[in-house]
Amino acid sequence: MKDKLIEQIVKLKKDRNAVILAHNYQLPEVQEIADATGDSLELARKATQIDCDVIVFCGVSFMGETAHILSPKKTVLLPEPSAGCPLADMVDLEDLHTMKEEHPDSITICYVNSSAEVKAESDICCTSANAVKVVQSLNGKPIIFVPCRHLGGYVKRVTGKDLILARGFCPTHHRISTNQIEALKEKMPDAVVMVHPECKTDVIEAADHVCSTSQMFRVVEQTTAKRFIVGTELGMLYPLKKKFPDREFFPPSDDCVCPNMKKTTLEKVLRSLETMEHRVELDSDVRRRALRSLERMLEHA
Ligand code: CIZ
């Protein structure tokens, strides 16, 4: 059954001149059929570099929008259009306008986990992989940072810059606690703790490394440690175990699962290629203005 599905996907992919991009949090079988996997910065770049007519984006909707904004001539398909991001939804245009009115002489940075409209209204976008670099590149003015208060707080502490934070948070990363990490550390004092900057502040402070998923691969590569506690969405354990079979990876808890990231299945990927749905489409003015902030983000790769 699964082999048949994969065979059909591979054939249709060729017929449509399509590529499949999958985020590190996707289901293992979806990561396996992808032409490229990565975090949103890596996938955004891939979307512009890969020569194809169609991109099937296995991730959540803001990632599909980002691919479409950067590569408007390619058809970008989301196999599951209801795969949203609650963090991105926590700041809308109205909230951003209010923050801008309260801080008229400021620069706005939006985390890539945001809507195309919010990106269009921001000066520059960032991902968890380059947020520190982006903030360090800006001088003088106060910086409005939306929507993630934890990533924003982390960047503020690292850079010492004047950041005005929105209140958003990722409900999945919020489930990780210091108690869970401490309990694992008690059993494995040698384990290296890596956590995502969307985690709560006390969790970030208990970690050895604070990193995006792409940076987690680099941390493992650069140390001889054998065991790692991985504070991010559970999907990330699959590519880590695959790339480093001689190391061990432990999640702080088994419930750090993003339900939206798990909505994309092989069946939906196949249906998407068959029907050429669901196409990402955006208002052209929003797309043009959001492109500006994404292009500035890519300068800080
Ligand atoms: O930037 C991304 O892709 C997210 C949301 C997480 C990560 O670090 O991969």
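Counting convention: from 1, in listed order, for ligands and their atoms alike. Below, all heavy atoms of this structure are taken into account, side chains as well, without hydrogens, waters or symmetry copies.
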Give yes or no for whether the N/O distance cutoff of 3.5 Å, strictly under, is met between [X] and ligand 1.
{"X": "T213", "result": "yes"}
{"X": "E198", "result": "no"}
{"X": "T127", "result": "no"}

Atoms of ligand 1 close to [X] [distance to a heavy atom under 4.0 angstrom, numbered from 1]:
{"X": "D39", "answer": "3 (O), 7 (C), 9 (O)"}
{"X": "S128", "answer": "1 (O), 7 (C), 8 (O)"}
{"X": "S212", "answer": "8 (O)"}

[X]/[Y] ion pair, N-O < 4.0 Å:
{"X": "R227", "Y": "D190", "answer": "yes"}
{"X": "E32", "Y": "K2", "answer": "no"}
{"X": "D105", "Y": "K141", "answer": "yes"}

For [atom], what is the nearest protein heavy atom, given as residue, atom name and distance?
{"atom": "atom 8 (O) of ligand 1", "result": "H196 NE2, 2.8 Å"}
{"atom": "atom 4 (C) of ligand 1", "result": "H23 NE2, 3.7 Å"}
{"atom": "atom 2 (C) of ligand 1", "result": "S40 OG, 3.0 Å"}

Sub-4.0 Å heavy-atom approach of N113 to ligand 1:
yes
Can you check whether M261's main-chain N or O pairs, donor with acceptor, with Q26's side chain at less than 3.5 Å?
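Yes, because the side chain of Q26 sits within donor-acceptor range (under 3.5 Å) of the backbone of M261.
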With heavy atoms only and a cut-off of under 4.0 Å, state how L43 meets ligand 1: side chain, backbone, both or neither.
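Under 4.0 Å from ligand 1, L43 contributes no heavy atoms.
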Side-chain heavy-atom pair M63, H23 within 4.5 angstrom cut-off:
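SC-SC contact between M63 and H23 confirmed.
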Spacing of NZ belonging to K119 relative to CZ belonging to R289, to within rounding of 0.5 Å
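Answer for the NZ-CZ pair, K119 versus R289, is 13.5 Å.
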Just how far is it from atom CG of D51 to atom CG of N17, taken to the nearest 0.5 Å?
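If we round to the nearest 0.5 Å, D51:CG and N17:CG are 6.5 Å apart.
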Closest approach of Y111 to S114 (non-hydrogen atoms, all atoms of both residues)
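Closest approach of Y111 to S114: O-OG, 2.7 Å.
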